[in-house]
Protein chains: 2
Amino acid sequence: MAKPPHPDPRRTLTLRDVSEASGVSEMTVSRVLRNRGDVSETTRERVLEAARRLGYVPNKIAGALASQRVNLVGVIIPSLSNMVFPEVMTGISDVLEDTGLQPVVGVTNYLPEREETVIYEMLSWRPSGLILAGLEHSEASQAMLAQAGVPVVEIMDIDGTPVDSAVGISHRRAGRKMAEAIMAAGYRRIAFLGTQMPNDHRAKKRLAGFEEVLAREGLQLADREFYSGGSALLKGREMTAAVLKRTPDVDFLYYSNDMIGAGGLLYCLDQGIDVPGRVGLAGFNGVELLDGLPRRLATMDACRLDIGRLSAEIVSGKRPNGIIGGEIIELSPTLQPGDTIRSA
Amino acid sequence: MAKPPHPDPRRTLTLRDVSEASGVSEMTVSRVLRNRGDVSETTRERVLEAARRLGYVPNKIAGALASQRVNLVGVIIPSLSNMVFPEVMTGISDVLEDTGLQPVVGVTNYLPEREETVIYEMLSWRPSGLILAGLEHSEASQAMLAQAGVPVVEIMDIDGTPVDSAVGISHRRAGRKMAEAIMAAGYRRIAFLGTQMPNDHRAKKRLAGFEEVLAREGLQLADREFYSGGSALLKGREMTAAVLKRTPDVDFLYYSNDMIGAGGLLYCLDQGIDVPGRVGLAGFNGVELLDGLPRRLATMDACRLDIGRLSAEIVSGKRPNGIIGGEIIELSPTLQPGDTIRSA
DNA sequence: TTTGTGGCCGTTAGCGGTAACATAGCAAAA
DNA sequence: TTTTGCTATGTTACCGCTAACGGCCACAAA
């Protein structure tokens with residue numbers, strides 16, 4: 001542990017230190033450091049030099065308190081390991097980059113109580129906006145969001161009533177769309193494989209939409225299988241094996257996400273099962289992982305990048321039209337038929 | 001947009017509001033809300049009730065400024081989409097959970113300048129600690145870290161000199177270890193496939209260690225191939241195809257990460273290439289994805305969970321021994337031979 | 001009665017910045 | 001010369017909360 005290379009080892013620096021070192025008032029230093037107000041070129045130089053020399057780092061806590069402005073946007077998502085949220089984050093960061101706003105993420109692990117505390121924590125930092133996944137929140141959460149006094153954007157899903165704004169797709173409709181494609185291709189004995197989903201409302205909605213269409217044709221799911229935890233790819237294999245064993249006459253496997261779908265696909269190929277002849281397969285999400293698989297899994301793109309971008313535009317007040325809040329943007333997921341649905 | 005369900009729609013609430021609503025001083029409210037100091041049970045109840053009723057959310061900005069304590073830990077990583085950092089984050093969160101500390105992540109995209117500004121931003125919030133990936137930082141970054149006055153833990157890598165503490169593995173040694181296993185299995189015409197790595201120092205170190213061992217045996221890499229961007233799985237396929245075509249006599253493919261390794265594995269299996277007889281394969285990281293592949297790719301676990309945990313223990317002052325700083329913890333990655341290295 | 005003693009609660013003085021306003025200095029306009 | 005109008009800088013009053021300390025009261029011990 002080398003000792004700090006600068007003078008005054010202990011106490012952390014304040015504006016006053018810079019002000020004394022450069023012979024001007026704290027206010028002038030503040031102005032220089034924020035590029036605000038008029039400062040002569042010579043004093044500006046002098047102040048910057050002093051700040052650099054001392055290694056001064058402004059205290060945003062104090063700044064935020066004084067100015068009543070916090071350049072933070074809270075982003076609350078269920079999980080990071082999901083592969084879906086990193087892309088949303090990318091969209092958000094892209095847009096926020098040149099607004100001076102900074103995303104701060106919180107993770108809920110799909111737990112409503114956890115979400116509640118994360119929202120509380122976030123709001124206690126008085127961010128300039130909040131982006132959070134899903135439309136389903138505890139009553140207390142809803143109340144906090146409504147009170148927040150800043151833009152709140154609920155993302156991913158639009159089947160429901162947002163507190164303020166919403167950007168997403170209709171998962172119900174996505175489920176329907178996929179079912180229609182599958183039916184059109186002539187499959188009839190269809191199984192669903194997905195996560196145990198007490199709190200994955202979006203997966204639930206997709207399944208509901210999916211079953212709706214089946215019902216219209218007088219059909220119902222031939223089988224269903226759920227999992228939780230573990231390697232999704234492996235689970236996909238195992239579940240697929242289980243379903244094919246239990247219900248040998250299924251001719252289609254609809255997965256609630258691409259990862260388990262990919263596992264199922266690998267399993268079928270391993271087993272020499274004719275895909276999409278003997279069984280068809282489809283997933284959901286459009287993860288780029290699929291590009292590397294031996295065959296392209298049918299899937300549906302969830303518009304994650306756009307969702308990120310648009311939500312960031314809303315919280316940062318960048319929406320072209322001057323809408324202030326309460327905007328609801330529905331994106332349309334596109335079906336990517338891949339090679340695992342036979343052409344009708 | 002429903003109107004807020006609570007009174008006083010505009011102005012955001014302060015301690016004063018709660019204090020007036022409950023007929024005690026702001027200080028007492030503060031004490032109740034923080035569970036600090038003595039307050040009678042009856043006033044405690046009364047205050048809590050008022051706070052709940054009003055929907056009061058404390059202002060941590062003000063609290064932090066007044067108390068000079070910020071319950072935030074900055075975590076600075078190169079990328080989220082990596083599959084490796086989510087697991088580190090999990091380890092960190094696990095430990096921080098019951099310390100009152102909260103992680104705040106910043107992403108650098110492997111750009112040193114970006115890292116510099118992220119560090120600056122982080123420090124301007126005066127966090128109680130900083131965890132950041134890697135030992136290589138710009139000079140300005142190093143200076144800021146040294147000045148920070150809070151615990152700084154550099155993670156993932158220990159081949160170098162940390163500013164303060166470090167937790168990680170020796171990537172150089174990991175590369176050596178893998179090379180030794182490969183040599184021991186009798187492979188001799190070895191190719192390396194990895195990311196273009198101007199700033200991935202760890203991959204670079206692994207490769208250096210790897211080549212060191214080859215050199216000891218009078219060997220050198222038979223071929224090498226680099227990529228950047230795109231679907232790692234797909235790139236793995238493409239690169240593998242390219243290498244096998246260009247250098248048909250290679251008998252081993254060493255990948256810089258598991259994702260491209262998995263792509264390579266899938267490609268070889270597709271092509272009916274005998275693995276591990278004709279060519280052996282190995283990756284790095286131990287991602288759980290591998291569990292679902294048709295064959296288990298040889299890899300080396302990077303101890304990500306432990307790295308996360310230990311770094312969090314250090315910043316939170318939870319290390320069992322009372323070491324204050326400057327601790328360096330080297331973890332030992334374990335080789336997982338899988339099914340893609342023939343047994344010697 | 002006096003003197004602790006401890007529980008409960010209020011007062012005061014900041015924390016480190018910034019908004020808003022005041023002011024000094026000086027050149028151009030009257 | 002005086003007035004006006006800038007520009008560059010300083011002053012003051014907070015922002016919302018908490019540390020530190022002080023006061024008051026009831027009750028026990030001396």
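The chains referred to below are lettered A, B, ... by the order of the sequence lines, with proteins before strands, and numbering in each begins at 1.
Fit an axis to the five pairs at each end of the helix from dT1(C)-dA30(D) to dA30(C)-dT1(D) and the two axes sit 50° apart, to the nearest 10 degrees.
Not counting sequence neighbours, Ser128(A) has no partner by the side chain to side chain donor-acceptor pair (under 3.5 Å) test. Scanning for salt bridge (charged side-chain N to carboxylate O under 4.0 Å, His left out) contacts around Arg34(B) gives an empty result, with sequence neighbours left out. Residues satisfying the salt bridge (charged side-chain N to carboxylate O under 4.0 Å, His left out) criterion with Arg309(B), sequence neighbours excluded, are Asp94(B). Shown here are the salt bridge (charged side-chain N to carboxylate O under 4.0 Å, His left out) partners of Glu330(A), two or more places apart in sequence or in another chain: Arg173(A). Under the side chain to side chain donor-acceptor pair (under 3.5 Å) criterion, His201(B) pairs with no residue, sequence neighbours left out. In terms of the salt bridge (charged side-chain N to carboxylate O under 4.0 Å, His left out) criterion, residue partners of Glu87(A) (sequence neighbours excluded) are, by chain and number, Arg304(A).
For residues 35-46 of chain B, the set of pairs meeting the salt bridge (Lys or Arg N to Asp or Glu O under 4.0 Å) definition, not counting sequence neighbours, is empty. Residue pairs meeting the salt bridge (Lys or Arg N to Asp or Glu O under 4.0 Å) criterion with at least one member in residues 153-163 of chain B, sequence neighbours excluded, are Asp157(B)-Lys205(B).
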Using atom names, set out every protein N or O paired with an N or O of nucleotides 16-18 of chain D below 3.5 Å, distance rounded to 0.1 Å.
| residue | atom | partner | partner atom | Å |
| --- | --- | --- | --- | --- |
| dG16(D) | OP1 | Gln68(A) | NE2 | 3.3 |
| dG16(D) | N2 | Ala62(B) | O | 3.3 |
| dC17(D) | OP1 | Tyr56(B) | OH | 2.3 |
| dC17(D) | OP1 | Asn59(B) | N | 3.3 |
| dC17(D) | OP2 | Leu15(B) | N | 2.5 |
| dT18(D) | OP1 | Arg34(B) | NE | 3.3 |
| dT18(D) | OP2 | Ser30(B) | OG | 2.2 |

Dump every N/O contact between nucleotides 24-27 of chain D and the protein below 3.5 Å, one line per pair.
none

I'd like a table of atom pairs between the protein and nucleotides 22-25 of chain C - only N or O on both sides, under 3.5 Å - with the distance next to each one.
none

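Atom-to-atom, CZ of Arg44(B) to C1' of dC9(C) comes out at 13 Å; the value is rounded to the nearest Å. One atom, CZ of Arg46(A), and another, C1' of dT9(D), lie 12 Å apart when rounded to the nearest Å. Per the geometry, CG belonging to Asp38(B) stands 19 Å off P belonging to dG23(D), to the nearest Å. In this structure, CH2 of Trp125(B) is placed 16 Å from P of dG16(C), rounded to the nearest angstrom.
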Test log, rule side-chain contact (heavy atoms from CB on, under 4.5 Å), inputs Tyr120(A) and Val57(B): CA-CA 7 Å; Tyr120(A) 188 81; Val57(B) 177; 4.1 Å; yes
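Within the 4.0 Å cut-off from OP1 or OP2 of dT7(D), not a single side-chain nitrogen or oxygen of Ser40(A) is found. Neither OP1 nor OP2 of dA8(D) sits under 4.0 Å from any side-chain N or O of Thr43(A).
When atom types are taken as modelled, the side chain of Asn71(B) and the backbone of Leu101(B) share no donor-acceptor pair closer than 3.5 angstrom.
The only option from Ile158(A), Ile328(A), Val153(A) that meets the side chain to side chain contact (heavy atoms under 4.5 Å, CB included) definition with Val167(A) turns out to be Val153(A).
Glu113(A) places none of its side-chain heavy atoms less than 4.5 Å from the side chain of Ser138(A).
Atom OG of Ser79(B) is separated from atom CG of Leu111(B) by 11.5 Å, given to the nearest 0.5 angstrom.
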